[in-house]
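Okay, structure first, notes after.
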Amino acid sequence: MPLVLYNTLTRKLEEFTPLVEGAASMYTCGPTVYNFFHIGNARSFVMSDVIRRYLEYRGYDVNFVMNITDVDDRIIKQAIDEGIDASAVAGKYTDAFLEDIARLGIRPATANPRATDNIEGIVSHIERLIAAGAAYTVEGDVYFRVSAFPAYGKLSGKRLEDLQAGARVDADSRKEQPGDFALWKTAKPGEPSWPSPWGAGRPGWHIECSVMSQKYLGDSFDIHAGGNDLIFPHHENEIAQSEALTHTPLARTWLHFGFLNIDNEKMSKSLGNFFTARDILSMYSAETLRFFYLQTHYRSPLNFSDDGLDAAAKGLQKLQGLYDQLLTAPDGEGIFDVGPWEQRFIAAVDQDMNTPAGFGVLFECARDANGLLRSDVGMTANAKAALRDFLRRSALGVFGVLHETETARADSSQIGALMDLLIAVRAKARADKQWGLSDFIRDGLKDIGLALEDGKAGTTWKRADNA
RNA sequence: GGCGACGUACCCAAGUGGCUAAGGGGACGCUCUGCAAAAGCGUUAUGCAUCGGUUCGAAUCCGAUCGUCGCCUCCA
């Protein structure tokens, strides 16, 4: 059973068959670094990360590129607002972006190319588009000539006539057609600029992705991902700019993520329902936020709420608790076969990255395992290790919702030995019905973040600070 | 106006033609326990917006209606 993905380009579920067997090339549109990114952006970044992780879990060697747009109108505007220059804004928020995705548990991309490091490539790409008749200059600006690319609209399903009918267009536009878009913009005084055959200026919004994806992944690659709102115009324009020269499909599979809403409305600064990922991460763990995202299918809209986050935090404790207890639970006799569970897990997630169904499998597995683990039979050392390994590769490795608590290995650390000793002392006290002493030990440990749990097969312990 | 998505229990959310409609949260009951915590078990949708249709059979396909939302303009 292969991985199946929904391709925006064909509007169908398709088997994932990479260009190169055993490898997968993937490009995700990264941030424009004009501010801290918000929890909607974070959803896209997390989803891209999980797709990348799952591809690796399924055995692909993944080349994952996420660009950083560090020159843009919004950056210039932010520079004016903050009273510093544009490059300082870009630098500040690029650093913040890298910090925040690390905090989100997003694995580093193979490359994070920046637009400003690729100006030469952009200029030469534009020159070639002009030479090919697919672009034209107007007073130092360069526009892409949409009419030169007959397939324009194939991704978004839009027709040029419709665009013209509905779009609000400058009456005195210097563009040949309303759908034409800027490849190069002349700099106004004080704006960041680079020399070009058309004068000092900066690249338009879409061109960098065409140039950088080609540079790092080639003319054609496997997966291009981004938020729903990038379908048009951004990705449509990327296709036009790239394929007008390469005449080969830019990306074979286009994935688009559903929006994150607040109170069922799109998040926006003007509505005041705007949250940065950074702010949310000060209140909830990255694991909780990731689980919250992954409980909804990536193409569906997701409504953001404190209740949802709280429920996610609570639910996660069950998986984390099992993961921890598999280390400290005493060895027993019970056999637990994780094989079928892993098969079900793969079958679920293979179906268009159905992460909610994947979690369904994981939680059912956890329920069964807990039942056995807490019974008087317990689980064998091998069974515990195999289950822990599965959870480490799935819930932790693919989804990134578990963490290795500092729970010291009971068999290899002083803390583990110390806990064993305390538990033994307490067991003695309990045997003598010295409840005051046994509770004193339990309460004291709880105060320093270590929870004792009495079970049929003995007492186990875990860090109580996981959430 | 053009294009598109969605409406499943108290909340969140899978399921897209055929076993008892996953899973998480919440609530209630129970088991275990010295107490607790954790965990497990049971109950919480004869029904999947509404009304028709296709079919031996539909939450799943088709049509209509109502409702919500997104894109077409910077936007993950």
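Naming: A, B, ... by sequence-line order, numbering from 1 per chain.
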(message) I want to confirm an ordering. Mapping A:Ser156 and A:Arg442 to their closest nucleotides on RNA chain B, which one lands closer to the 5' end?
(response) A:Ser156

(message) Looking at A:Tyr6, I'd like to know if the NZ or CZ of A:Arg299 sits under 6.0 Å from its six-membered ring centre while staying within 45 degrees of the ring's axis.
(response) yes

(message) Which residue is it: A:His224, A:Glu208, A:Met66, A:His206? I am looking for the one with a side chain to side chain contact (heavy atoms under 4.5 Å, CB included) to A:Cys29.
(response) A:His224

(request) For B:rA14, give its Watson-Crick or G-U wobble partner with both distances under 3.5 Å, or none. (result) none

(request) Using a cut-off of strictly less than 4.0 Å, decide whether A:Asn303 has a side-chain nitrogen or oxygen near OP1 or OP2 of B:rC12. (result) no

(message) For the P atoms, the ones on B:rG4 and on B:rA9, what distance do you get once it is rounded to whole angstrom?
(response) 28 Å

(request) List in chain and number order the residues that pass salt bridge (Lys or Arg N to Asp or Glu O under 4.0 Å) with A:Arg202, two or more places apart in sequence or in another chain; answer none if no residue qualifies. (result) A:Asp73, A:Glu191

(message) Can you tell me if A:Asn41 touches the phosphate of B:rA76, counting only side-chain N or O atoms and a distance under 4.0 Å to OP1 or OP2?
(response) yes

(request) Could you check whether A:Gly455 gets within reach of a base, just the sugar-phosphate, or nothing at all, counting any heavy atom under 4.0 Å? (result) nothing

(request) Verify, without hydrogens or angle tests, whether A:Thr288 (side chain) and A:Tyr284 (backbone) share a donor-acceptor contact under 3.5 angstrom. (result) no

(message) Working to the nearest 0.5 angstrom, can you tell me the gap between A:Tyr27 OH and A:Phe64 CZ?
(response) 10.5 Å

(request) Could you tell me the separation between the CZ atom of A:Phe274 and the P atom of B:rC74, rounded to a whole number of Å? (result) 18 Å

(request) Could you work out the separation of B:rG47 and B:rC10 based on their P atoms and round it to a whole Å? (result) 13 Å

(request) Quickly work out the A:Phe181 CZ to B:rU73 P distance and round it to whole Å. (result) 13 Å

(request) Could you check which nucleotide pairs with B:rA59 in any of the strands shown, counting Watson-Crick or G-U wobble with both distances under 3.5 Å? (result) none

(request) Quick one: label A:Asp454 by what it contacts on the DNA or RNA (base, sugar-phosphate, nothing), any heavy atom closer than 4.0 Å. (result) base

(message) Could you tell me how far apart A:Arg202 (CZ) and B:rC74 (P) are, to the nearest whole angstrom?
(response) 14 Å

(request) Kindly say whether the aromatic ring centers of A:Phe36 and A:Tyr93 come within a distance under 6.0 Å. (result) yes

(message) Suppose we define a pair by two distances each less than 3.5 Å, Watson-Crick or G-U wobble; what does B:rU54 pair with here?
(response) none

(message) Please determine whether a side-chain nitrogen of the Lys or Arg among A:Asp49 and A:Arg53 lies less than 4.0 Å from a carboxylate oxygen of the Asp or Glu.
(response) yes

(request) Can you tell me the distance, in whole Å, between the NE2 atom of A:His297 and the P atom of B:rA5? (result) 14 Å

(request) Provide the distance between the two C1' atoms, one in B:rA38 and one in B:rC71, to the nearest whole Å. (result) 48 Å

(request) Sort out the partner of B:rG34 for me: Watson-Crick or G-U wobble, both distances under 3.5 Å, none otherwise. (result) none

(message) When both hydrogen-bonding distances must be under 3.5 Å and the geometry is Watson-Crick or G-U wobble, what is B:rG7 paired with, if anything?
(response) B:rC66

(message) When the P atoms of B:rA49 and B:rG15 are compared, how many Å lie between them, rounded to an integer?
(response) 15 Å

(request) Consider the side chain of A:Met267, meaning its heavy atoms from C-beta on, and name the nucleotide among B:rG34, B:rA76, B:rG4 that approaches it most closely. (result) B:rA76

(request) Can you tell me, in whole Å, how much space there is between the C1' of B:rG29 and that of B:rA21? (result) 24 Å

(request) Please measure how far the C1' atom in B:rC66 lies from the corresponding atom in B:rA13, and state the result in whole Å. (result) 24 Å

(message) What is the distance, to the nearest angstrom, from the CG atom on A:Leu302 to the C1' atom on B:rA13?
(response) 10 Å

(request) Pick base, sugar-phosphate or nothing for A:Gly40, based on heavy-atom distances below 4.0 Å to the nucleic acid. (result) base

(request) Grab the CG-C1' distance between A:Asp352 and B:rG15 for me, whole Å please. (result) 14 Å

(message) Could you go through A:Glu453 and A:Arg374, starting from their C-alpha distance and side-chain angles, then the distance that decides it, and tell me whether this counts as salt bridge (Lys or Arg N to Asp or Glu O under 4.0 Å)?
(response) CA-CA 11 Å; A:Glu453 293 172 6; A:Arg374 309 307 175 106; 3.8 Å; yes

(request) Please work out if A:Leu260 contacts a base, only the sugar-phosphate, or nothing of the nucleic acid, heavy-atom cut-off 4.0 Å. (result) base

(request) Determine the Euclidean distance between corresponding C1' atoms of B:rA27 and B:rC72; express it in Å to zero decimal places. (result) 46 Å

When you compare the protein's N or O atoms with those of nucleotides 21-25 of chain B, which come within less than 3.5 Å of each other, and at what distance?
residue : atom : partner  : partner atom : Å
B:rA22  : O2'  : A:Glu364 : OE2          : 2.9
B:rG23  : OP1  : A:Arg367 : NH2          : 2.6

(request) Could you tell me whether A:Asp439 contacts a base, only the sugar-phosphate backbone, or nothing, with contacts defined as non-hydrogen atoms closer than 4.0 Å? (result) base

(request) Using the C1' atom on both, measure B:rU46 against B:rU8 and round to a whole Å. (result) 15 Å

(request) Give none if B:rU20 has no partner; otherwise give the nucleotide forming a Watson-Crick or G-U wobble pair with it, both distances under 3.5 Å. (result) none

(message) In whole Å, I'd like the distance from the CG atom of A:Leu9 to the C1' atom of B:rG4.
(response) 15 Å

(request) Sort out the partner of B:rG1 for me: Watson-Crick or G-U wobble, both distances under 3.5 Å, none otherwise. (result) B:rC72

(message) Return the pairing partner of B:rG29 with a 3.5 Å limit on both distances, Watson-Crick or G-U wobble; otherwise return none.
(response) B:rC41

(message) Just to be sure I understand the rule, does A:Arg299 reach a base, reach only the sugar-phosphate, or reach nothing, if contact means heavy atoms closer than 4.0 Å?
(response) nothing

(request) Determine the sole option in A:Phe144, A:Phe149, A:Phe232 for which the ring pair (Phe, Tyr, Trp, His ring centres under 6.0 Å) test with A:Phe181 is passed. (result) A:Phe144

(request) Find the distance A:Asn237:CG to B:rC71:C1' and express it as a whole number of Å. (result) 14 Å

(message) On RNA chain B, compare the nucleotides closest to A:Arg374 and A:Trp435; which residue's is nearer the 5' end?
(response) A:Trp435

(request) Tell me which nucleotide among B:rG34, B:rA39, B:rC74 gets nearest to the side chain of A:Arg74. (result) B:rC74

(message) Is the positively charged end of A:Lys77 above the ring of A:Tyr34, judged by distance under 6.0 angstrom from the centroid and angle within 45° of the axis?
(response) no

(message) Using a 6.0 Å distance limit plus a 45 degree cone around the ring axis, check whether A:Arg43 lies over the aromatic ring of A:Tyr293.
(response) no

(request) Using a 4.0 Å heavy-atom cut-off across all strands, classify A:Ser300 as base, sugar-phosphate, or nothing. (result) sugar-phosphate

(message) For a quick check of understanding: with a heavy-atom distance under 4.0 Å over all strands, which category does A:His38 fall into, base, sugar-phosphate or nothing?
(response) base

(request) Would you indicate what A:Leu452 reaches in the nucleic acid, counting non-hydrogen atoms under 4.0 angstrom: base, sugar-phosphate, or nothing? (result) base

(request) May I ask you to verify if any side-chain N or O of A:Asn228 is less than 4.0 angstrom from the OP1 or OP2 atom of B:rG70? (result) no

